[in-house]
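One structure is given here, and the rest of the page talks about it.
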Amino acid sequence: MTTMPTPNTQRKAQHRNKTYESGLAAERGVARQYLRRGMQFRAHRWRGRGGEIDIVFADGDVLVFVEVKKARNFHRAAQSLSQRQITRITRSAEEYAGTQPRGSLSEMRFDLAMVNDAGQVSILENAFGAM
């Protein structure tokens, strides 16, 4: 016998879908900013054994790994990046670099792209070194 979803379950599913769509929109906005800067798109939501990287670009020979955080304002977005996430992202980036011609010798940069409720984007380059 199949159970009917409760109104609470339906609200949670709608919230998850809205959050997912909002995240995709934020990532698209961030990607446009990087493309305008002349960077080469490499991957979106690349998943390795260590986890997922939101967006990967190449800036010449440099691999740029971008973590996108959407929040009410840039301050909250910056605060939402945890040390645990940084560790996961750097491990995944090392795995990604292993798929590239230069492997672990690839130069890498980790950026934090913050998106506020108005859809504005603020990019902190080399963010992991600054935190």
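What you see is a predicted model; the values in this text were computed from it and never measured.
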**Request:** Check step by step if side chain to side chain contact (heavy atoms under 4.5 Å, CB included) holds for Gln85 and Lys69.
**Result:** CA-CA 12 Å; Gln85 288 174 315; Lys69 291 292 185 182; 2.8 Å; yes
**Asked** Taking 4.0 angstrom as the limit, do Asp117 and Lys70 come out as a salt bridge?
**Response** yes
Test salt bridge (charged side-chain N to carboxylate O under 4.0 Å, His left out) applied to [X] - qualifying residues, sequence neighbours left out:
X	value
Glu107	none
Arg45	Glu27
Arg91	none

Looking at [atom1] of [X] and [atom2] of [Y], how far apart are the two atoms once the value is rounded to the nearest 0.5 Å?
X	Y	atom1	atom2	answer
Ser122	His75	OG	NE2	13.0 Å
Ile86	Arg84	CD1	CZ	13.0 Å
Arg88	Ile53	CZ	CD1	8.0 Å
Leu112	Ile123	CG	CD1	9.5 Å

**Mutual orientation of the aromatic rings belonging to Tyr96 and Phe65 [parallel < 30°, tilted 30-60°, perpendicular > 60°]** = perpendicular
Show which side-chain atoms of residues 28-41 pair as donor or acceptor with protein atoms under 3.5 Å away, not counting sequence neighbours.
{"residue": "Tyr34", "atom": "OH", "partner": "Asp111", "partner atom": "OD2", "Å": "2.7"}
{"residue": "Arg37", "atom": "NH1", "partner": "Glu125", "partner atom": "OE2", "Å": "2.9"}

Taking all atoms of both residues into account, what is the closest heavy-atom pair of [X] and [Y], and its distance?
X	Y	result
Ala26	Val115	CB-CG2, 3.9 Å
Ala71	Ala77	CB-N, 3.5 Å
Arg76	Asn73	N-OD1, 2.8 Å
Ser106	Gln100	OG-CB, 4.2 Å
Ser92	Gly50	OG-C, 3.3 Å

**Asked** Mind checking whether Phe128 and Arg109 have side chains closer than 4.5 Å, heavy atoms only?
**Response** no
**Prompt:** After noting the C-alpha distance and the side-chain angles of Asp54 and Val66, does the key distance pass the side chain to side chain contact (heavy atoms under 4.5 Å, CB included) rule?
**Reply:** CA-CA 6 Å; Asp54 290 338; Val66 183; 5.7 Å; no
Are [Y] and [X] connected into the same hydrophobic cluster when the rule is that any two of I, L, V, M, F, W, Y join if their side-chain heavy atoms are below 4.5 Å apart?
X	Y	value
Val121	Leu124	no
Met114	Phe110	yes
Val62	Ile55	yes
Met108	Ile89	yes

**Asked** Apart from Leu105 itself, what residues make up its hydrophobic cluster, given side-chain heavy atom links below 4.5 Å?
**Response** none
**Request:** Only pairs at least two apart or in different chains count here, so list each salt bridge (Lys or Arg N to Asp or Glu O under 4.0 Å) that has a residue in residues 94-105.
**Result:** Arg49-Glu95
